[in-house]
2 protein chains.
Amino acid sequence: MYYKSWARQGPAARGHGDCFHRLFQSTTCLPVSVTGIDKETAKVKPIATRNLHGHVIRELGRMIVSGEIKPGENLPREELLAERMSVSRTALREAMKVLSAKGLIESRQKTGTRVRETVHWNQLDADILAWRCESMPTDDFVEKLVEMREIIEPAAAAAAALRRTPEQLVAVGEAYEAMAAACGLDAWTEADLAFHEAVLHATNNELMISLFSVIETALGAYFVLSARTAANFKYSLPHHQKVYEAIRRRQPVVARQAMQKMVADSRSNIRRHRKAKA
Amino acid sequence: MYYKSWARQGPAARGHGDCFHRLFQSTTCLPVSVTGIDKETAKVKPIATRNLHGHVIRELGRMIVSGEIKPGENLPREELLAERMSVSRTALREAMKVLSAKGLIESRQKTGTRVRETVHWNQLDADILAWRCESMPTDDFVEKLVEMREIIEPAAAAAAALRRTPEQLVAVGEAYEAMAAACGLDAWTEADLAFHEAVLHATNNELMISLFSVIETALGAYFVLSARTAANFKYSLPHHQKVYEAIRRRQPVVARQAMQKMVADSRSNIRRHRKAKA
DNA sequence: GTAGGATAAAATGTACTACAAATCATGGGC
DNA sequence: GCCCATGATTTGTAGTACATTTTATCCTAC
């Protein structure tokens with residue numbers, strides 16, 4: 001349930017992949033059995049792969065976000081593009097409307113469909129964030145994600161300490177307990193995400209909650225980075241405990257500071273990993 | 001150009017309005033000349049009204065966000081809904097895919113299409129924010145918007161002071177000059193929005209920039225509230241000057257404080273207006 | 001020769017039909 | 001009474017045809 005947008009990436013939905021890489025070449029790709037693809041990917045990834053235009057959204061979205069198709073460039077016209085992706089124009093158009101709503105593309109009659117400048121992209125969209133992470137996120141991007149965390153999460157912790165309901169506190173507490181009890185990295189990451197989501201929920205501000213997509217992506221990138229040195233993956237548990245306690249005791253200032261420290265710690269960890277890699 | 005999502009509301013695109021209010025009644029509404037509608041609304045609002053499925057997105061989106069159709073409820077089946085809105089199933093489906101991407105609805109075969117719980121809504125989406133404001137935003141919602149401003153903008157001002165380029169500083173400065181020179185409320189609001197957008201841009205963090213939709217909506221709601229007592233609409237100019245100066249001098253702490261004060265001031269103003277109204 | 005408008009061409013926008021796929025409900029066989 | 005098959009219902013996909021918009025071109029008029 002958790003870890004949604006991150007789970008969207010991975011080796012799933014590769015069915016059309018080889019095909020789509022040649023979209024802009026003149027060589028036509030052979031139509032692939034759609035049923036076969038669905039069955040194959042269904043094992044790994046039963047959701048969001050069931051419908052065809054979901055594939056198209058993902059593939060086109062990834063190509064645009066990864067820079068394979070650059071802003072200002074035009075996409076092939078619908079009929080041609082549909083043929084090359086071996087889907088109907090109907091399905092392609094439904095996908096393009098979604099990408100258009102995300103601010104990635106812009107269609108006009110006669111002119112065609114072109115990729116918009118990155119300033120117009122809805123950068124907080126969960127899909128776009130996930131697509132940006134799919135091909136190993138750049139250090140630059142990770143830095144920006146951490147900066148967002150530094151701004152959002154301390155404020156959220158403070159607000160949660162002020163306004164949480166008893167039920168919301170329980171949710172935070174349960175997530176904390178799950179982190180403490182986690183045996184493997186998978187259980188830990190899931191509980192960690194649940195913890196941060198619970199804090200956001202406890203703010204009782206739905207705008208705040210929607211920012212979880214950013215936190216989720218940031219944590220996901222962090223997990224990937226620190227996956228190798230995962231020997232003591234629980235080292236941040238005390239930080240979480242302090243945040244939880246402060247929220248329980250309704251101490252906004254303490255909660256803010258604790259969360260601030262947690263994120264700062266995570267940031268320095270990332271920097272350390274980066275140096276080790278370089 | 002600015003004031004986009006706010007401008008989307010207003011009395012535009014009422015063409016189908018009377019029709020759509022009866023979507024769930026058994027009475028069928030008369031089909032309306034589509035061409036006539038487009039021509040009529042084009043005077044007021046040439047953008048986003050050109051295409052038919054844009055209408056459908058807005059109308060359905062508004063009905064859902066306003067609570068006219070509640071989470072858990074099912075929409076009429078596509079064929080029926082298309083007929084009642086006097087559009088083709090094709091156009092309706094393209095609109096529904098967009099609403100689905102915004103997290104408002106969820107479609108499954110045989111089951112039909114149902115409105116999702118509000119936690120799944122992409123609350124930061126510019127359209128959703130605008131729709132929530134269309135029918136006089138609730139005090140509760142305005143409060144949440146201000147809270148977001150209090151979190152985002154001081155941090156953005158600090159980051160801008162640290163990382164702005166000369167060009168970005170010029171943009172902030174020009175917006176400030178426009179505010180100082182503004183004669184009417186319209187010119188002021190436009191310049192004000194430009195100022196806050198320029199500050200976000202100066203952070204050089206595109207995730208930050210995407211949060212402009214929230215700031216925009218918050219400021220828009222504020223302008224509407226304070227429109228009556230607009231005698232001295234320039235009273236916040238000194239606040240803006242302080243922010244600008246701090247960004248110019250690369251003083252992040254000062255910039256943060258100045259922005260903090262500006263937003264706090266705006267918040268207390270809103271409370272005053274609310275009391276006066278009550 | 002240039003300006004202007006009519007016209008054609010090319011892309012997306014919309015409508016309609018037909019069928020496929022998924023899923024829930026119903027009913028029959030055991 | 002349970003299980004499986006079968007049908008019904010709704011969304012999903014394909015394909016065709018035409019409308020609309022906008023650019024480019026050409027042709028005429030001055």
Side-chain angles (χ1 to χ4, degrees), chain A residues 15-16 31-39 41-42 46-60 73-101 104-116, chain B residues 15-16 31-42 46-60 73-101 105-116:
Chain A
H16 275 107
V32 190
S33 160
V34 172
T35 320
I37 290 168
D38 283 345
K39 273 181 188 166
T41 57
I47 305 174
T49 304
R50 284 203 297 250
N51 43 8
L52 196 44
H53 76 263
H55 274 292
V56 179
I57 292 173
R58 183 204 315 273
E59 292 299 332
L60 280 179
E73 279 184 48
N74 267 271
L75 269 61
R77 57 177 224 270
E78 291 180 350
E79 195 184 344
L80 202 61
L81 192 55
E83 188 190 353
R84 289 190 188 163
M85 299 179 98
S86 38
V87 298
S88 70
R89 206 185 141 208
T90 310
L92 175 69
R93 277 182 58 82
E94 288 179 0
M96 299 230 294
K97 289 303 158 200
V98 172
L99 294 177
S100 180
L104 292 180
I105 59 176
E106 193 176 27
S107 302
R108 296 178 64 175
Q109 288 175 180
K110 169 70 180 180
T111 310
T113 303
R114 72 173 48 189
V115 178
R116 299 185 72 185
Chain B
H16 276 106
V32 190
S33 160
V34 171
T35 321
I37 290 168
D38 281 345
K39 273 181 188 165
E40 192 176 351
T41 57
I47 306 173
T49 304
R50 283 203 298 250
N51 44 9
L52 196 43
H53 78 264
H55 274 292
V56 179
I57 292 173
R58 183 205 314 271
E59 292 298 332
L60 280 180
E73 278 185 48
N74 266 271
L75 269 62
R77 56 176 226 270
E78 291 180 349
E79 195 185 343
L80 202 60
L81 192 54
E83 188 190 351
R84 289 192 188 164
M85 299 180 97
S86 37
V87 298
S88 71
R89 206 184 140 208
T90 310
L92 175 68
R93 277 181 59 80
E94 288 179 359
M96 299 228 296
K97 289 302 160 201
V98 172
L99 294 177
S100 181
I105 59 177
E106 192 176 28
S107 302
R108 298 178 65 175
Q109 288 174 180
K110 169 71 180 178
T111 309
T113 303
R114 72 172 48 188
V115 177
R116 298 184 73 185

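Naming convention: chains lettered A, B, ... in sequence-line order (proteins, then strands); numbering from 1 in each chain.
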If only side-chain N and O atoms of A:His53 are considered, is one of them under 4.0 Å from the OP1 or OP2 phosphate oxygen of D:dG12?
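The answer is no; no side-chain N or O of A:His53 sits under 4.0 Å from OP1 or OP2.
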
Taken in chain and number order and not counting sequence neighbours, the residues that satisfy side-chain contact (heavy atoms from CB on, under 4.5 Å) with B:Ser100 are B:Ile105

Distance, rounded to the nearest Å, where [X] contributes [atom1] and [N] contributes [atom2]:
X        : N      : atom1 : atom2 : result
B:Arg114 : D:dT11 : CZ    : P     : 12 Å
B:Arg108 : C:dC24 : CZ    : P     : 6 Å
A:Leu52  : C:dA20 : CG    : C1'   : 12 Å
A:Glu106 : C:dT12 : CD    : C1'   : 13 Å

Return yes when atom CZ of A:Arg114 has more than 12 non-hydrogen atoms of other residues, nucleotides or ligands closer than 6.0 Å, and no otherwise.
no

Which nucleotide wins on minimum distance to the side chain of [X], given the candidates [options]?
X        : options                : answer
B:Asn51  : D:dA14, C:dT14, C:dA15 : C:dT14
B:Thr111 : D:dA14, C:dC24, D:dG12 : C:dC24
B:Ser107 : D:dT11, C:dT14, C:dT12 : D:dT11

Considering the options A:Thr90, A:Leu92, A:Val87, which one meets the side chain to side chain contact (heavy atoms under 4.5 Å, CB included) requirement together with A:Leu52?
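Checked A:Thr90, A:Leu92, A:Val87 against A:Leu52; only one passes side chain to side chain contact (heavy atoms under 4.5 Å, CB included): A:Val87.
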
Reference residue A:Arg89; test salt bridge (charged side-chain N to carboxylate O under 4.0 Å, His left out); the match among A:Glu78, A:Glu79, A:Glu83:
A:Glu78

Pick out the pairs of N or O atoms, protein on one side and nucleotides 4-9 of chain D on the other, that lie under 3.5 Å.
unit_1, atom_1, unit_2, atom_2, d
D:dT9, O4', B:Lys110, NZ, 3.3

Residue pair [X] / [Y]: nearest heavy atoms and the distance that separates them:
X        : Y       : answer
B:Ile57  : B:Leu99 : O-CD2, 3.9 Å
B:Gly112 : B:Asn74 : C-OD1, 3.9 Å
A:Pro76  : A:Arg84 : CG-NH1, 4.1 Å

For DNA chain D, which residues of residues 88-98 of chain B approach it to below 4.0 angstrom with any heavy atom?
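Within this stretch, B:Arg89, B:Arg93, B:Lys97 sit under 4.0 Å of the strand.
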
Charged N to carboxylate O under 4.0 angstrom, A:Arg93 versus B:Glu94?
yes

